[in-house]
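Any value given below was found using the heavy atoms of this structure, including those in side chains, with hydrogens, waters and symmetry copies removed. Order of listing sets the numbers, starting from 1, for every ligand and every atom in it.
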Amino acid sequence: MRKEFLTTLALSGAVLTLADGKGKGKGENNDGTRTIYRDVAIIGGGASGSYSAVRLREDYNVSVVVIEKNSNLGGHVNTFIDPVTGRGFDCGVQNWIELGGARAFFERFGVEMQPIVRSTFETVSVDFTNGQQLTNYSPPSAADRTAALQRYLAVAESFLPVLEPGWWTFPQPQNIPADLLLPFRDFVAKYNLTAAVPTFHATTGFGIHDMMGHLTVWFMRSFNVNLVRVLLGIETSIVPVSRKNQDVYDRILTSLGPDALTSTTVVSTEERSSRRGVTLIVRNSATGVKTRIVAKRLLYTAIPSEANTSPLDLDREEKSTLGQFDYSASYVGVVSHPSLPLNKSLVNIPISAQPANWPEAIPQYPYNTRFENYADSSYFRLIAVGDQTFTAAQAKKVIEDSFDKLVEGGVVNQTSPAQRLTFHKFEPHGLVSAYVTKEKLEGGFIQRLNGLQGRRGTWYTGASWGVHLSTSLWVFTDTVLERLVGDLRG
Ligand SMILES: Cc1cc2nc3c(=O)[nH]c(=O)nc-3n(C[C@H](O)[C@H](O)[C@H](O)COP(=O)(O)OP(=O)(O)OC[C@H]3O[C@@H](n4cnc5c(N)ncnc54)[C@H](O)[C@@H]3O)c2cc1C
Ligand SMILES: *[C@@H]1O[C@H](CO)[C@@H](O)[C@H](O)[C@H]1NC(C)=O
Ligand SMILES: *[C@@H]1O[C@H](CO)[C@@H](O)[C@H](O)[C@H]1NC(C)=O
Ligand SMILES: *[C@@H]1O[C@H](CO)[C@@H](O)[C@H](O)[C@H]1NC(C)=O
Ligand SMILES: *[C@@H]1O[C@H](CO)[C@@H](O)[C@H](O)[C@H]1NC(C)=O
């Protein structure tokens with residue numbers, strides 16, 4: 001099998017060289033579609049796709065092409081640049097946990113990094129459904145919160161060997177630790193973590209559907225050991241000195257040159273197998289131009305939603321495995337309005353959380369999480385979240401409604417004449433936080449997901465396969481790249 005595979009690759013290599021050099025314009029086929037040849041085609045140029053492209057090209061001497069739907073790389077990184085001052089305001093990814101080779105990776109591209117600078121704004125708790133300020137709400141004390149985070153850390157560390165990197169060593173269904181299958185509410189009760197609930201929610205928990213009812217295993221996917229260590233001051237998070245998180249991805253885009261196809265998606269798949277490699281037809285949405293990509297292997301990094309995977313000619317096993325995922329949806333933006341208070345963070349907390357009912361301090365989907373002022377500016381960050389049916393139009397409406405409620409509740413005074421919010425940036429992350437039910441995990445879902453790795457010439461990384469934090473995902477991605485390159489080289 002292995003030998004046969006090698007022969008096929010060698011043979012196709014020879015044929016490809018001929019086809020590439022002769023006849024029509026370089027690489028042009030009978031149908032006029034330009035054909036390009038690479039070792040690996042990468043779908044998605046966000047955190048894991050961009051990282052993979054750089055490492056494969058520069059560290060493994062493997063040729064790549066990145067197929068990215070957006071006009072830039074970086075995925076959830078969204079930097080708004082003030083047109084007057086040139087200053088950057090990040091409304092997506094805020095910072096990166098300094099793990100493994102993360103800092104060196106940025107420095108490869110000359111992006112100088114520094115520890116995060118936290119602003120210490122006054123937080124105003126408001127129920128965004130009715131605009132009522134929570135005047136009788138006490139958040140947990142710093143000491144109680146820290147103690148609870150330490151307890152969480154101890155338990156989460158005990159699961160590290162089965163949760164990271166990725167799912168490689170996740171136990172068989174009958175051996176999944178019972179704690180990981182508890183609804184998070186029960187896990188919180190078991191380990192006395194109530195005092196950390198507002199922190200869980202405000203940091204990453206808003207991104208997962210019904211955080212308290214969600215399985216603990218999925219909660220730990222976005223609130224992992226490294227994140228707790230950062231919150232406890234044991235590890236650090238870093239940001240570019242330029243304070244523009246997009247910088248590194250812009251430089252990666254420049255460095256990749258013709259190896260990055262932006263504004264591009266796959267329209268059809270002519271071939272996808274371990275023996276014959278992968279042939280994709282991709283199309284640039286701006287120019288309409290199609291390109292044929294002939295690659296030995298495919299690395300899939302985008303969210304494996306039905307819309308994203310339908311041009312890939314999924315077989316039954318792929319469809320029935322990837323189709324089991326459910327998601328949340330996330331939208332971020334930068335707004336301004338003369339009535340929004342400077343140096344304050346208005347956060348959305350249900351009135352029922354008063355006086356100190358922390359497990360209730362979580363709004364129901366869909367909702368806007370906050371209007372958070374950026375230091376020394378009149379811009380505000382917001383994040384709207386909902387279930388997988390939540391659209392961009394609905395998200396904008398939820399945000400505008402939340403502002404109207406602030407006015408109604410007297411938390412802000414509307415201008416006269418009344419003005420609407422000004423959106424300076426609005427970025428649809430779309431589907432995030434893949435998860436499946438307990439029944440599916442107990443039915444061997446993770447084993448089936450792992451079974452797709454390397455199958456039909458296709459490897460997978462990205463948040464649906466690992467932790468929902470960029471640099472932890474890079475550590476996982478390293479383990480996928482090792483296997484992918486091993487596969488490529490037989
Ligand atoms: C609001 C928010 C804040 C966050 N803050 C942080 C943070 O501060 N630090 C941190 O480490 N992590 C943060 N994260 C998590 C982090 O963004 C993710 O873990 C990381 O981006 C996941 O990387 P990825 O490669 O899986 O996906 P992404 O980075 O989302 O990349 C996927 C890419 O695929 C592209 N794509 C989608 N569909 C297609 C298609 N059909 N064809 C081609 N391309 C396609 C997308 O445009 C995107 O560029 C945050 C997430 C959210 C939602
Ligand atoms: C990288 O790969 C190319 C093409 O396969 C080959 O010609 C070259 O020698 C390789 N370089 C290194 C440093 O291995
Ligand atoms: C539970 O946590 C709270 C706050 O962190 C703490 O005051 C209390 O002593 C803890 N209770 C137990 C039984 O550990
Ligand atoms: C906000 O804080 C800055 C210092 O960072 C201060 O100069 C400014 O006056 C404050 N503005 C308001 C409205 O409180
Ligand atoms: C709104 O205006 C009223 C009347 O001028 C004033 O009393 C109140 O303090 C203002 N509220 C805010 C949040 O600015």
Please report whether [atom] has a protein non-hydrogen atom at a separation of less than 4.0 Å.
atom: atom 4 (C) of ligand 2; value: no
atom: atom 14 (O) of ligand 2; value: yes
atom: atom 11 (N) of ligand 4; value: yes

Nearest neighbour in protein (non-hydrogen) for [atom]:
atom: atom 1 (C) of ligand 4; value: Asn343 ND2, 1.5 Å
atom: atom 2 (O) of ligand 2; value: Asn61 ND2, 2.4 Å
atom: atom 7 (O) of ligand 3; value: Asp144 OD1, 4.0 Å

Inset, instruction - Decide yes or no on ring pair (Phe, Tyr, Trp, His ring centres under 6.0 Å) for Phe128 and Tyr367, but give the supporting numbers first. - result: CA-CA 8 Å; Phe128 284 14; Tyr367 62 94; 8.7 Å; no
Inset, instruction - Between Arg151 and ligand 3, find which residue part has any heavy-atom pair under 4.0 Å and reply side chain, backbone, both or neither. - result: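 Only the side chain of Arg151 comes within reach of ligand 3.
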Inset, instruction - Provide the number and element of each atom of ligand 3 under 4.0 Å from a heavy atom of Asn192. - result: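 Atoms satisfying the 4.0 Å criterion: 1 (C), 2 (O), 3 (C), 8 (C), 10 (C), 11 (N), 12 (C), 14 (O).
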Inset, instruction - Just say parallel, tilted or perpendicular for the rings of Tyr152 and Phe223, cut-offs at 30° and 60°. - result: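 Rings of Tyr152 and Phe223: perpendicular, over 60°.
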Legend entry - Within 6.0 angstrom of Lys425 NZ, more than 12 heavy atoms from elsewhere: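 Yes.
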Inset, instruction - Determine whether the side chains of Asp179 and Tyr191 contain a donor N or O and an acceptor N or O closer than 3.5 Å. - result: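 Present: a donor and an acceptor within the cut-off.
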Legend entry - Donor-acceptor side-chain pairing of Thr477 and Ser48 below 3.5 angstrom: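 There is no such pair (donor and acceptor under 3.5 Å, judged by atom type) between the side chains of Thr477 and Ser48.
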Legend entry - Sidechain N-carboxylate O distance under 4.0 Å for Arg229, Glu157: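 Salt bridge flag = yes for Glu157 with Arg229.
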